[in-house]
Amino acid sequence: MSDREPKIAARITDELASCGVKLVASLPDNWLMDVIKTIEGDKRFHHVPVNREESAIGLCSGAYMGAMGSAALMGASGFMTVIYALTKINYTYEIPLFLMATLRGAVGDHHKHHISNGLYLKPVLDAISMPYQIIAQPDDIGLISRCYHHTRTFSRPMVVLFTRDLLRSGGGGN
Amino acid sequence: MNYVECFRAIARQRTDEIVITSAGNSGQAWWAATRDTVASFYLDASMSLSTMFASGLALAQPDLKVWAFMGDGAFAMNPGMLMVERQMNLPNLTHFLVSNRAYGATSNAGLPNSDHNDYAAIARAFGLEHVHDFRTIAAIEHELPKLKAANAPGHTFVVLEVEPFSDADQKLEQPPFDGPELKFRFGRHVESVTGADIFGYRL
């Protein structure tokens, strides 16, 4: 781990806190582990590790109906499993939802088993008309707040996609 | 016990609980029993997520009592939800598992292993401590008030063993709301009883 990674994780969590996010529901992705550990240890958040990504969608959507800010954090593969939940719950009822996921399968990801995400993640997002924002550089982290607030205006879900270069710039193996 | 009569019996015990129903017959039965248009969220558009939705709400508003219904068809799709529910252990959440041993919303199509699934045992195996199993209307009338009064210190799980919908029951009206109307009616009710600001503006 480089010195940069904890700083990136801290900046992401600070940005979430600045939006009023209290609940973070997560499933792991190796790229996200510093972010997840930082959130877990930060008393500004109620962190709930969930059993599958759809559970995060349900949990965060219910939290919205209780006026609690939330974020669902997951890998790209996990995101690909939640299309039903997003389109049913968040599109049918127009419930805002803020998601953060990894941009797996893009240039720099050396895992061949993520090729499918590289091929289909963004086309799937386009297919369901779901806006996304790629967070590739530290200076982009401020866009998290703008995207979170956009979900409240848009009354639907939006996802920010973190690149490997942002999260694993220290050369972590995964 | 009869599915709809079971829901009518539960509705008679209800005071100020907020209700979340699931995809399938539970929304129809609760709508038939209550015609509630403000304090129930008919989460028809979800399979297996009603109690996760309810958990988020219960976490956000700990002074609300939240009842969540879920059929065993939905449960079969995501039983790991109980890991999350046990971990959160929210004292203001009651999960009603409606065991009709069928995929009720799809004309009572067969549910895997339906003769052998022991939902109370599954819940206990996940570490849930407040597990109940109601098989008669009399049990609901006798036990549910005690369960409510007990104010269990953690999450409560109740199995309702019911008969599948009859052909006539299947024709019961579905809750008729458009999604956004349901969101606003329910959300405004939550705002009114909690003082919370969900939508960021008041009319």
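Proteins get letters first, then strands, A, B, ... in listed order; numbering begins at 1 in each. Computation of the quantities below employed the complete heavy-atom set of this structure, encompassing side-chain atoms and omitting hydrogens, waters and symmetry-equivalent molecules.
One distance of note links CG of B:Leu57 with OG of A:Ser61; it measures 11.5 Å at 0.5 Å rounding. Taking CG of B:Leu49 as the reference point, atom CD1 of A:Ile89 lies at 4.5 Å (rounded to 0.5 Å). Atoms CG and CD, from B:Asp178 and A:Glu94 in turn, are 9.5 Å apart once rounded to the nearest 0.5 Å. One finds the CZ atom of B:Phe53 at 14.0 Å from the OG atom of A:Ser55 (value rounded to the nearest 0.5 Å).
Contact between A:Leu59 and B:Ser55 at its shortest, heavy atoms only, is CD1-CB, 3.6 Å. Closest heavy-atom contact between A:Arg52 and B:Met77: NH1-O, 2.8 Å. Heavy atoms only, all atoms of each residue included: B:Lys183 and A:Tyr93 are closest at CD-O, 3.2 Å. B:Gln61 and A:Ala67 get closest at one heavy-atom pair: NE2-CB, 4.4 Å. For the residue pair B:Ala60 and A:Ala63, the shortest heavy atom distance occurs at CB-O, 3.9 Å.
Counting non-hydrogen atoms of other residues, nucleotides and ligands closer than 6.0 Å to CG of B:Asp167 gives a total of 12 or fewer. No more than 12 heavy atoms of other residues, nucleotides or ligands lie within 6.0 Å of OH in A:Tyr120, so this atom counts as exposed by the packing criterion. For NZ of B:Lys148, the number of neighbouring non-hydrogen atoms (other residues, nucleotides, ligands) closer than 6.0 Å is greater than 12. For B:Arg12, the CZ atom is densely surrounded, since the number of other residues' heavy atoms within 6.0 Å is greater than 12.
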Discussion item. Walk me through whether B:Val190 and A:Met65 qualify under side chain to side chain contact (heavy atoms under 4.5 Å, CB included).
Written reply: CA-CA 8 Å; B:Val190 172; A:Met65 295 307 302; 5.9 Å; no
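Applying a 4.5 Å heavy-atom cutoff, the residues of residues 23-43 of chain B that approach chain A are B:Phe41, B:Tyr42, B:Leu43. Near-neighbour residues of residues 81-91 of chain B relative to chain A, defined by a heavy atom under 4.5 Å from a heavy atom of that chain, comprise B:Met81, B:Val84, B:Gln87, B:Met88.
Interface remark: B:Thr194 contributes no atoms to any contact with chain A (heavy atom separation under 4.5 Å). When heavy atoms are compared at a cutoff of 4.5 Å, B:Leu182 approaches chain A solely by way of its side chain, counted from C-beta outward. Only the side chain of A:Tyr84 comes within less than 4.5 Å of a heavy atom of chain B; its backbone N, CA, C and O stay farther away. Both the backbone and the side chain of B:Asn78 come within contact range of chain A, with heavy atoms under 4.5 Å apart. With a 4.5 angstrom heavy-atom cutoff, B:Asp44 touches chain A via backbone and side-chain atoms both. Contacts of A:Thr87 with chain B are absent, with no heavy-atom separation under 4.5 Å from either backbone or side chain.
Comparing B:Ala54, B:Gly80, B:Gly200 by how many heavy-atom pairs each has under 4.5 Å with chain A, the most go to B:Gly80.
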